[in-house]
Amino acid sequence: GITAQVQFCGRLERQQVADLYRRANLLLNPSRVDNSPNSIIEALGCGLPVVSSRAGGIPQLVSHGETAYLVDTESADALAYAALEVLGDISIQTTLRQNGLQFSQRFHWQQIKDDLLQVYQQVQEQKTTKGQTA
């Protein structure tokens with residue numbers, strides 16, 4: 001009974017996805033199995049509050065009440081309740097938006113690039129040190 005409210009967009013360009021996030025009030029992620037969904041990171045980076053299941057690695061990615069609202073997997077009622085709670089409370093929305101934006105900074109290319117470079121340098125130093133002691 002929700003056909004009139006659901007739109008399947010097909011493949012979208014990056015800017016089109018960002019525009020959808022900006023127009024939305026909430027990202028609802030009812031995943032049953034997921035490791036580290038980009039959609040959550042993207043939504044946080046657009047200042048969009050997130051309500052998600054606790055599937056897979058999601059609880060290690062975001063924190064309940066800080067960067068997202070998390071509910072038990074397979075609980076449609078809990079998902080709906082959490083979505084309504086977030087949508088109905090400006091202070092919760094503000095907290096999730098601010099914390100989400102700050103959290104998403106660690107996934108920006110400049111940060112990722114610097115982190116990867118540091119790991120590569122550490123590995124190289126370890127290889128050099130082992131070569132000297134062998």
Side-chain angles (χ1 to χ4, degrees):
I2 63 170
T3 304
Q5 285 77 31
V6 176
Q7 177 184 4
F8 292 96
C9 300
R11 182 164 175 74
L12 299 173
E13 297 298 322
R14 191 177 313 168
Q15 187 57 48
Q16 292 172 303
V17 173
D19 290 342
L20 284 175
Y21 285 136
R22 286 187 197 98
R23 290 195 322 254
N25 297 314
L26 176 85
L27 175 76
L28 193 61
N29 183 54
S31 294
R32 295 169 141 181
V33 177
D34 217 325
N35 216 10
S36 180
N38 285 340
S39 58
I40 289 178
I41 298 165
E42 292 167 349
L44 295 174
C46 290
L48 189 59
V50 171
V51 173
S52 178
S53 65
R54 286 188 174 94
I58 295 171
Q60 285 73 44
L61 178 64
V62 291
S63 299
H64 177 71
E66 291 178 30
T67 51
Y69 260 41
L70 299 175
V71 300
D72 291 335
T73 306
E74 305 289 340
S75 178
D77 289 342
L79 200 63
Y81 178 80
L84 291 173
E85 184 177 0
V86 170
L87 290 172
D89 190 324
I90 301 274
S91 66
I92 293 173
Q93 292 174 36
T94 300
T95 297
L96 294 178
R97 286 180 199 278
Q98 290 174 346
N99 292 342
L101 280 168
Q102 182 178 358
F103 173 77
S104 72
Q105 295 297 310
R106 69 178 66 179
F107 297 97
H108 286 200
W109 172 242
Q110 186 62 45
Q111 182 65 44
I112 297 288
K113 180 183 67 126
D114 292 345
D115 291 347
L116 283 173
L117 180 59
Q118 184 178 11
V119 169
Y120 290 142
Q121 288 172 337
Q122 288 173 349
V123 169
Q124 186 60 40
E125 287 173 13
Q126 289 173 355
K127 287 178 95 177
T128 301
T129 303
K130 284 184 180 179
Q132 292 174 355
T133 60

- Message: On a heavy-atom basis, which atom in L20 and which in L12 lie closest, and how many Å separate them?
- Response: CD1-CD1, 3.3 Å
- Message: Just verifying a value: how many Å separate Q124 CD and K127 NZ, rounded to the nearest 0.5 Å?
- Response: 6.0 Å
Throw together a table of side-chain donor-acceptor distances under 3.5 angstrom for residues 36-43, partners on residues two or more places apart or in other chains.
residue, atom, partner, partner atom, Å
E42, OE1, Y21, OH, 2.8

Which pairs would a plain distance check flag for residues 78-91, meaning a side-chain donor or acceptor within less than 3.5 Å of a matching protein atom at least two apart in sequence or in another chain?
residue, atom, partner, partner atom, Å
D89, OD1, S91, N, 2.9
D89, OD1, S91, OG, 2.5
D89, OD1, I92, N, 3.3

- Item | Within 6.0 Å of CD in E13, more than 12 heavy atoms from elsewhere | no
- Nearest 0.5 Å please: distance from the CG atom of L28 over to the OG atom of S53. 9.0 Å
- Does one side chain, of Q15 or D19, offer a donor that lies under 3.5 Å from an acceptor on the other? yes
- Message: I need the N35 CG to L61 CG distance, nearest 0.5 Å.
- Response: 9.5 Å
- Task: Among residues two or more places apart or on two chains, list those pairs meeting side chain to side chain donor-acceptor pair (under 3.5 Å) that have a residue in residues 92-107.
- Result: none
- Closest non-hydrogen contact found for T73 with A55 is OG1-N, 3.4 Å
- Message: Hydrophobic clusters here meaning ILVMFWY residues chained together by side-chain heavy-atom distances under 4.5 Å, can you tell me if I58 and L44 are in one?
- Response: yes
- Message: Suppose the criterion is salt bridge (Lys or Arg N to Asp or Glu O under 4.0 Å): which pairs have a residue in residues 25-36, not counting sequence neighbours?
- Response: R32-E74
- Answer with yes or no whether the hydrophobic clustering places L70 together with V51; edges join I, L, V, M, F, W, Y residues whose side-chain heavy atoms lie under 4.5 Å apart. no
- Tell me, with the steps shown, if D114 and Q110 meet side chain to side chain donor-acceptor pair (under 3.5 Å). CA-CA 6 Å; D114 292 345; Q110 186 62 45; 3.2 Å; yes
- Item | Residue pairs fulfilling ring-ring contact (aromatic ring centres under 6.0 Å, His included) with at least one residue in residues 44-80, sequence neighbours excluded | H64-Y69
- Message: Taking ring-ring contact (aromatic ring centres under 6.0 Å, His included) as the cut-off, I'd like each qualifying pair that reaches into residues 108-132, sequence neighbours left out, listed once.
- Response: none
- Task: Could you check L96, L101, V62 and say which one makes a side chain to side chain contact (heavy atoms under 4.5 Å, CB included) with T67?
- Result: V62
